[in-house]
Amino acid sequence: MCSTEVLLTNMHTGLEFNEIQITTMPQIEVEKMLNLLILRKQKRYSQFELSFLMGQRDYYVRDVENPAHKLTYAVPFTNIFRQIFNCDVQAIVPNIIATPTSSIRISEATDENGNILYRAEKQIDGQDWDLIDYFGTEDKDLLLEFEESIDIISEERVQDWVLDKIESGYFDVAQNALQIFNDCKAELTGVVRPLFLATALKACNGTKGLPKLNKEKDRNGRFVYSSN
């Protein structure tokens, strides 16, 4: 298991957590961030992988999930998240007039290596606090584990798929990461890791005998890939 995942799942034992007050974003944005945290972990996507599928810079999600950072998920991302997670708006955007009422509490702790770990909890109508999840800074190459029975498509097969698509003219039209990912999933049998696809696209830079793919932002501010 990757050391970062060990940190986020096991090393909270014995740490002293202290509640923090978040002043960088409104409460509704904190709840939205936590909703997306739950959804991405259910899909086993790392912070980098979700950023990639959103068409954003590598550390976009890492910054949003940092309670000390002022970055939040903009409204236009809601529809993209619905496509990524195949969910409705209610799974993403908190209902501020919901009954019963709920409260969110976030605490932090620092381990012996100086890593900051956050613990998010939720309380409904004054009942006991329930754990939402632990989170913190993830390595870019983190691979969240699936059950052993899940068939993961190898990095080599994903690379071959990308090369075949370049040869067939698929990238003659600019494609965003989510569209490429969905097409890859549809054509390969098994689970495709976004990290493998991101690595394959990045490797196509015109060196080592590989074709070149251009990466640039479209008019909606999402990175797209094309052979033109």
Side-chain angles (χ1 to χ4, degrees), residues 1-9 36-37 39-66 71 77 80-81 83-86 135-218 220-228:
M1 183 182 292
C2 173
S3 60
T4 303
E5 190 171 4
V6 170
L7 169 66
L8 298 182
T9 57
L36 269 302
L37 171 70
L39 288 171
R40 77 166 180 82
K41 286 198 172 183
Q42 288 173 345
K43 284 285 191 178
R44 313 307 291 155
Y45 295 159
S46 68
Q47 292 171 336
F48 166 74
E49 288 179 313
L50 181 53
S51 297
F52 166 70
L53 295 177
M54 292 169 64
Q56 301 303 306
R57 57 181 174 82
D58 295 351
Y59 299 119
Y60 193 95
V61 172
R62 177 191 289 189
D63 287 343
V64 174
E65 291 186 1
N66 181 352
L71 184 65
F77 284 133
I80 296 175
F81 288 138
Q83 297 173 51
I84 292 174
F85 297 113
N86 190 29
F135 61 102
T137 298
E138 298 175 359
D139 294 336
K140 183 177 177 180
D141 60 352
L142 172 67
L143 292 174
L144 296 178
E145 293 186 348
F146 286 90
E147 296 178 3
E148 292 185 1
S149 60
I150 300 297
D151 181 21
I152 308 295
I153 302 299
S154 69
E155 191 167 3
E156 292 75 15
R157 286 187 64 196
V158 174
Q159 175 77 66
D160 289 342
W161 182 87
V162 170
L163 293 175
D164 288 343
K165 285 300 181 182
I166 294 175
E167 182 67 24
S168 70
Y170 174 84
F171 288 98
D172 290 350
V173 176
Q175 308 279 356
N176 64 57
L178 182 58
Q179 183 61 59
I180 302 169
F181 181 66
N182 286 337
D183 290 340
C184 186
K185 288 195 302 178
E187 295 183 21
L188 298 180
T189 303
V191 173
V192 177
R193 288 193 181 274
L195 177 61
F196 292 170
L197 181 58
T199 300
L201 293 171
K202 183 178 180 180
C204 293
N205 58 8
T207 64
K208 300 181 181 179
L210 293 172
K212 181 176 177 57
L213 284 178
N214 297 308
K215 177 184 176 182
E216 57 187 2
K217 285 205 169 185
D218 64 11
N220 296 315
R222 298 170 74 180
F223 283 114
V224 294
Y225 302 81
S226 72
S227 55
N228 298 321

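- When all heavy atoms of Val162 and Ala200 are compared, the pair lying nearest together is CG2-CB, 3.9 Å.
- When all heavy atoms of Glu65 and Gln47 are compared, the closest pair comes out as OE1-NE2, 2.9 Å.
- Heavy-atom neighbours of Asn220 CG from other residues, nucleotides or ligands within 6.0 Å: above the threshold of 12.
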- Message: side-chain contact (heavy atoms from CB on, under 4.5 Å) for Phe85 and Leu53? Distances and angles first, verdict last.
- Response: CA-CA 11 Å; Phe85 297 113; Leu53 295 177; over 6 Å; no
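- Using a 4.5 Å heavy-atom cutoff, the side chains of Leu178 and Arg222 are in contact.
- Taking the side chain as every heavy atom from C-beta outward, Phe81 and Leu39 never approach each other to under 4.5 Å.
- Counting only distance, with no hydrogens or angles, the side chain of Glu138 and the backbone of Ser46 share no donor-acceptor pair below 3.5 Å.
- To the nearest 0.5 Å, atom CG of residue Asn176 and atom CD1 of residue Ile80 are 8.0 Å apart.
- Atom-to-atom distance recorded for Asp139:CG and Phe48:CZ is 12.5 Å, nearest 0.5 angstrom.
- Judged purely by atom type and a 3.5 angstrom limit, Ser51 has no side-chain atom pairing as donor or acceptor with the backbone of Tyr59.
- At least one donor-acceptor pair closer than 3.5 Å links the side chain of Arg40 to the backbone N or O of Tyr45.
- Between the side chain of Gln56 and the backbone N or O of Gly221 there is at least one donor-acceptor pair closer than 3.5 Å.
- Between atom CZ of residue Phe196 and atom CG of residue Leu201 there is a gap of 13.5 Å, rounded to the nearest 0.5 Å.
- Using cut-offs of 30° and 60° for the angle between ring planes, the Tyr60 and Phe77 rings count as perpendicular.
- Remark: Lys217 NZ is packed, more than 12 non-hydrogen atoms of other residues, nucleotides or ligands lying under 6.0 Å away.
- Residues Leu144 and Lys43 have side chains not in contact (no heavy-atom distance under 4.5 Å, counting atoms from C-beta outward).
- The NZ atom of Lys215 sits 4.5 Å away from the CZ atom of Phe223 when rounded to the nearest 0.5 Å.
- Defined by atom type and a distance below 3.5 Å, a donor-acceptor pair is missing between the side-chain atoms of Asn228 and Ser226.
- Side-chain atoms of Glu155 never come within 3.5 Å of backbone atoms of Arg193 as a donor-acceptor pair (strictly under, hydrogens ignored).
- The minimum heavy-atom distance between Arg57 and Leu71, with the atom names listed, is NH2-CD2, 3.7 Å.
- A distance of 9.5 Å separates CG in Asp164 from CD in Glu187, rounded to the nearest 0.5 Å.
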- Task: In sequence, state the C-alpha distance, the side-chain angles, and the governing distance for Leu37 and Lys41, and then conclude on side-chain contact (heavy atoms from CB on, under 4.5 Å).
- Result: CA-CA 6 Å; Leu37 171 70; Lys41 286 198 172 183; 3.9 Å; yes
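- The shortest non-hydrogen separation linking Ser227 to Asp172 is OG-OD1, 3.2 Å.
- Residues satisfying the side-chain contact (heavy atoms from CB on, under 4.5 Å) test with Thr189, not counting sequence neighbours, are none.
- A donor-acceptor pair under 3.5 Å links the side-chain atoms of Asn205 to the main chain of Thr207, judged by distance alone.
- One distance of note links CH2 of Trp161 with CD1 of Ile180; it measures 7.0 Å at 0.5 Å rounding.
- Here the side chains of Ser154 and Gln159 are not in contact, with every heavy-atom distance at 4.5 Å or above.
- Between Asp183 and Lys165 there is no salt bridge, since no side-chain nitrogen of the basic residue lies less than 4.0 Å from a carboxylate oxygen of the acidic one.
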